[in-house]
There are 2 protein chains.
Amino acid sequence: MALGKEDWILEAALAIGRGGTAAVAVEPLAKRLGTTKGSFYWHFANRDALIAATLDAWENEYTEGPIAQVAQIEEPRERIARLLEVVMEDDREGQADVGLLASAHDPLVAPVFARVQSRRFAFLEECFGDLGFTPAVARHRARLAYGAFLAWFEQRRVHPDRPPSRRELRAYQRETIALLTRGS
Amino acid sequence: MALGKEDWILEAALAIGRGGTAAVAVEPLAKRLGTTKGSFYWHFANRDALIAATLDAWENEYTEGPIAQVAQIEEPRERIARLLEVVMEDDREGQADVGLLASAHDPLVAPVFARVQSRRFAFLEECFGDLGFTPAVARHRARLAYGAFLAWFEQRRVHPDRPPSRRELRAYQRETIALLTRGS
DNA sequence: ACCTGAACACCGTTCAAGT
DNA sequence: ACCTGAACACCGTTCAAGT
């Protein structure tokens with residue numbers, strides 16, 4: 001039966017999760033889908049186009065999603081806290097991010113990543129601004145909040161053998177919020 | 001004239017800085033060095049061995065270096081502050097890190113990165129412990145400090161067009177230290 | 001419209017032969 | 001001891017030919 005672009009994109013997303021963009025190889029993907037390389041080139045101009053399409057899908061699903069979930073919360077402190085929870089809760093979300101971090105240098109990935117990160121920074125900056133911090137301070141706190149997120153996943157990625165407990169996650173989030181909103 | 005392993009390692013390090021391990025390709029490297037692929041295989045078993053050797057050199061130079069530079073500072077708060085400065089000051093250091101972050105998924109890179117990060121976390125934890133925090137709190141603060149470092153370079157990498165000023169860096173460091181050592 | 005299969009380029013790897 | 005050059009495998013890409 002005929003395949004569609006989506007089938008290739010789905011398979012590529014799995015590959016990226018496993019090993020970054022380097023793991024997106026047309027021939028193995030074709031084998032996995034039970035078809036040939038020639039078929040692939042009917043749907044996509046080349047390998048880069050497949051990766052671009054996959055990143056596009058990721059950007060839509062995973063970035064706006066979490067932000068939209070918390071954007072309507074009135075209290076800024078609560079909004080930040082919920083965002084941290086949402087974003088650190090879901091393992092798949094984290095791994096999608098981390099799989100892409102692994103390919104951050106890839107010229108295809110860089111611009112997408114830049115957009116996503118800018119969006120996240122901007123949202124966090126706004127939240128801290130709503131707490132009454134000056135723009136400069138809000139920027140620093142937003143950066144620290146984003147770093148709190150990065151460091152958490154870095155540690156998970158590097159020590160997959162000993163995943164921190166749910167309690168540890170809660171304590172870390174609590175302390176992060178407490179510290180970063182101090183002075184508001 | 002005869003080349004040595006070091007010549008290949010140096011060239012490989014440059015390539016990693018440019019585009020992660022994916023940029024380490026034997027044939028182009030050979031061309032750059034004015035020799036042939038065959039020559040490469042006299043010095044190294046294969047491409048992986050070259051990358052491993054390059055990572056080894058990086059681990060020795062760039063990880064122990066900064067820590068050693070600050071380890072003998074008495075005052076823990078000062079020690080942390082200096083470490084942040086040292087590690088964020090030098091652009092080349094940051095880019096070596098970031099170049100490798102780009103290949104974090106690479107099975108060759110993962111274990112080296114794990115060691116380096118463990119070492120850094122442990123050192124930071126110790127510093128915060130010396131400030132009198134309980135182990136759990138020290139762990140959280142160490143993670144946040146490491147995140148402060150990661151987020152800084154992430155932002156630089158993503159927006160190479162508008163690098164933050166020296167003043168911004170100073171202000172960010174000052175505020176990070178102030179926040180993370182609060183309560184000691 | 002969608003796919004196959006053969007072809008070619010590029011890079012990793014091997015190895016016999018050179019100095 | 002160190003290097004060359006030819007060979008082969010693997011994957012990206014093209015394309016004429018099939019359904």
Side-chain angles (χ1 to χ4, degrees), chain A residues 1-57 99-100 102-112, chain B residues 1-58 99-100 102-103 105-112:
Chain A
M1 66 259 153
L3 291 172
K5 282 170 104 83
E6 322 77 41
D7 299 291
W8 289 97
I9 290 176
L10 223 73
E11 207 60 47
L14 291 177
I16 289 178
R18 279 192 302 270
T21 51
V24 178
V26 177
E27 197 164 78
L29 251 55
K31 205 163 287 172
R32 218 181 277 273
L33 287 168
T35 183
T36 65
K37 295 191 282 182
S39 159
F40 170 80
Y41 285 92
W42 172 258
H43 295 289
F44 296 92
N46 52 28
R47 176 179 174 273
D48 283 3
L50 170 60
I51 292 175
T54 309
L55 292 178
D56 241 55
L100 280 175
S103 308
H105 247 281
D106 191 320
L108 281 167
V109 175
V112 179
Chain B
M1 65 260 155
L3 293 171
K5 281 170 104 84
E6 321 76 45
D7 299 291
W8 289 96
I9 290 175
L10 223 74
E11 207 61 45
L14 291 176
I16 289 178
R18 279 193 301 272
T21 50
V24 178
V26 176
E27 197 165 80
L29 251 55
K31 205 164 286 171
R32 216 181 279 273
L33 286 167
T35 183
T36 65
K37 296 190 283 183
S39 159
F40 169 80
Y41 285 92
W42 171 258
H43 295 290
F44 296 92
N46 51 29
R47 176 178 174 274
D48 283 4
L50 170 61
I51 293 175
T54 309
L55 292 177
D56 241 55
W58 170 79
L100 279 175
S103 307
H105 247 282
D106 191 320
L108 281 168
V109 175
V112 179

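Order of the sequence lines fixes the chain letters, A, B, ..., with proteins taken first and strands second; residue numbering starts at 1 for each chain. Keep in mind that this is a model prediction, so the values were computed, not measured. Values reported hereafter were calculated over all heavy atoms of this structure, with side chains retained and with hydrogens, waters and symmetry mates removed.
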Specify the separation, in whole Å, of atom [atom1] of [X] and atom [atom2] of [N].
| X | N | atom1 | atom2 | answer |
| --- | --- | --- | --- | --- |
| F40(A) | dT14(D) | CZ | C1' | 13 Å |
| F44(A) | dC3(C) | CZ | P | 12 Å |
| I51(A) | dG12(D) | CD1 | P | 9 Å |
| W42(B) | dA17(C) | CH2 | C1' | 14 Å |
| L33(A) | dC2(C) | CG | P | 16 Å |
| E27(B) | dT14(C) | CD | P | 15 Å |

Can a donor-acceptor pair under 3.5 Å be found between the side-chain atoms of K37(B) and the base atoms of dG5(D)? no
Listed nucleotide nearest any side-chain atom of N46(A), set dT4(D), dT13(D), dT4(C):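 Output: dT13(D).
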Quick one: which of dC3(C), dC11(C), dG12(D) gets closest to the side chain of V26(A)?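 Out of dC3(C), dC11(C), dG12(D), the nucleotide with an atom closest to V26(A)'s side chain is dG12(D).
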Check whether any side-chain nitrogen or oxygen of Y41(B) sits under 4.0 Å from OP1 or OP2 of dT14(C), and answer yes or no. no
Please determine whether a side-chain nitrogen or oxygen atom of H43(A) lies at a distance below 4.0 Å from atom OP1 or OP2 of dC3(C). yes
Would you mind classifying the nucleic acid contact of A45(A) as base, sugar-phosphate or nothing, using non-hydrogen atoms under 4.0 angstrom?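 Here A45(A) touches the backbone only, sparing every base.
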Paired nucleotide for dC8(C) [Watson-Crick or G-U wobble; both distances under 3.5 Å]: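 dC8(C) is paired, partner dG12(D).
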